[in-house]
**Q** 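Once you've had a glance at the structure underneath, I'll fire off some questions.
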Amino acid sequence: MKLGELKPAEGATTKDWRRGRGHGSGNGKTAGRGHKGQKSRSGSGGKVGFEGGQMPLYRRLPKRGFKCRNSKEIIAINVALLNVFDDGAVVDIAALKQKGLVSNPRDGVKILGNGDLEKKLTVKVNHYSKTAAEKIEALGGKAEVV
């Protein structure tokens, strides 16, 4: 069997219903539109969401929420998690991804001061909390902003 030989199952498709082809077709004259009225006229599709003058659903429901287009999504990591690195290592975003501490850095990485740091590290990320920078520098390390 080839792709060009594929056909739908028997009875799965029916011929299109050709409207307005005379009385003998069983669907002539008004072509299934009935007599008179708005929907019998041509171009009577109507607007999307129009409910005959009733207040439409999209206007009845309240507006909800706000998303600031200028906001940034910063990924936060605690100082205690940096103990997985060797003493004297350079910790940047690529190294954090390699160790599995960050999967997607989004708009930046921030180091927070929760926990204790036991190793001297050179950390290069976007942001630091005040306590995190103090803990890194107290052990002789560097907290560099990228």
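Here, residue 1 is the first one in the sequence, and each next residue gets the next number.
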**Q** Under a 4.5 Å side-chain heavy-atom rule over Ile, Leu, Val, Met, Phe, Trp and Tyr, are Ile93 and Val84 clustered together?
**A**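 As far as the 4.5 Å side-chain criterion goes, Val84 and Ile93 are connected within one cluster.
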**Q** Are Ile136 and Leu139 linked, directly or through other ILVMFWY residues, by side chains that come within less than 4.5 angstrom of each other?
**A**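 Shared cluster, yes.
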**Q** What are the two closest heavy atoms between Arg41 and Ser44, and how far apart are they?
**A**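 Heavy atoms only, the tightest pair is O-OG, 3.1 Å.
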**Q** Is atom CG of Asn114 surrounded by more than 12 heavy atoms (other residues, nucleotides or ligands) closer than 6.0 Å?
**A**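 Open: at most 12 neighbouring heavy atoms sit under 6.0 Å from CG of Asn114.
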**Q** What pair of heavy atoms forms the shortest contact from Asn126 to Val145, and how long is it?
**A**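 Looking at all heavy atoms of both residues, the closest pair is O-CG1, 3.4 Å.
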**Q** Drop me the distance from Ile111's CD1 to Lys124's NZ, to the nearest 0.5 angstrom.
**A**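 NZ of Lys124 is found 14.0 Å from CD1 of Ile111.
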**Q** Within the supplied structure, the quantity of interest is the number of heavy atoms (other residues, nucleotides, ligands) at a distance under 6.0 Å from Gln54 CD; does it exceed 12?
**A**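 Yes - once you tally the heavy atoms of other residues, nucleotides and ligands closer than 6.0 Å, there are more than 12.
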**Q** Any side-chain heavy-atom pair from Asn104 and Ile75 closer than 4.5 angstrom?
**A**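 Side-chain contact under 4.5 Å: no.
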**Q** Using a side-chain heavy atom cutoff under 4.5 Å and only I, L, V, M, F, W and Y, what cluster partners does Val48 have?
**A**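 Val48 clusters with nothing; isolated.
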**Q** Tell me, yes or no, whether the heavy-atom count around Arg60 atom CZ, taken from other residues, nucleotides or ligands under 6.0 Å, exceeds 12.
**A**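 Yes, enclosed.
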**Q** When you look at Asn83 and Leu117, which way does the side chain to side chain contact (heavy atoms under 4.5 Å, CB included) test go after all the steps?
**A** CA-CA 6 Å; Asn83 288 319; Leu117 184 65; 3.5 Å; yes
**Q** Rest of the hydrophobic cluster containing Leu61 (Ile/Leu/Val/Met/Phe/Trp/Tyr, side-chain heavy atoms under 4.5 Å)?
**A**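 Its cluster mates, by chain and number, are Leu57.
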**Q** How long is the gap from NZ on Lys120 to CD on Glu137, to the nearest 0.5 Å?
**A**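 Reported value, rounded in 0.5 Å steps: 12.5 Å.
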**Q** Report, as yes or no, whether the 6.0 Å neighbourhood of atom NZ on Lys119 holds more than 12 heavy atoms from other residues, nucleotides or ligands.
**A**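 Atom NZ in Lys119 is crowded, with more than 12 foreign heavy atoms closer than 6.0 Å.
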**Q** Val146, Val125: one ILVMFWY side-chain cluster at the under-4.5 Å cut-off?
**A**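 Val146 and Val125: separate clusters.
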**Q** Does Thr122 reach the side chain of Phe85, with side-chain heavy atoms less than 4.5 Å apart?
**A**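 Not touching, per the 4.5 Å side-chain cut-off.
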**Q** Please answer whether the main-chain N or O of Trp17 pairs with a side-chain N or O of Arg19 as donor and acceptor at a distance below 3.5 Å.
**A**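 Checking the backbone N and O of Trp17 against the side chain of Arg19, a donor-acceptor pair under 3.5 Å is found.
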**Q** Taking side chain as C-beta onward, heavy atoms only, is Lys39 less than 4.5 Å from Arg33?
**A**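 Heavy-atom side-chain distance check fails, nothing below 4.5 Å.
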**Q** Roughly how far apart are Lys72 NZ and Asn70 CG, rounded to 0.5 Å?
**A**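 So the gap between those two atoms works out to 7.5 Å.
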**Q** Determine the minimum heavy-atom distance between Gly34 and Ser40, stating which atoms define it.
**A**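 That closest heavy-atom pairing would be O-CB, 4.5 Å.
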**Q** Between Ala31 and Gly20, what is the shortest heavy-atom contact and its length?
**A**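 The answer is CB-N, 3.7 Å.
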**Q** For the side chain of Tyr128 and the backbone of Gly113, is there at least one donor-acceptor N/O pair under 3.5 Å apart?
**A**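 A pair under 3.5 Å: no.
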**Q** Evaluate the side-chain proximity of Leu112 to Val79: yes if any heavy-atom separation is below 4.5 Å, no if none is.
**A**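 Val79 does not reach Leu112 side chain to side chain.
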**Q** What's the spacing between Asp87 CG and Leu121 CG if we round to 0.5 Å?
**A**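 Going from the CG atom of Asp87 to the CG atom of Leu121 covers 7.0 Å.
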**Q** More than 12 foreign heavy atoms under 6.0 Å from CD of Glu5: is that the case here?
**A**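 Counting neighbours around CD of Glu5, more than 12 heavy atoms of other residues, nucleotides or ligands fall under 6.0 Å, so yes.
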**Q** Could you list the residues that satisfy side chain to side chain donor-acceptor pair (under 3.5 Å) with Ser129, not counting sequence neighbours?
**A**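 Scan of Ser129 (side chain to side chain donor-acceptor pair (under 3.5 Å), adjacent residues dropped) gives Thr131.
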**Q** What closest approach, in Å, do Cys68 and Ser71 show between heavy atoms, and which atom pair accounts for it?
**A**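 For Cys68 and Ser71, the tightest heavy-atom pair comes out as O-OG, 3.0 Å.
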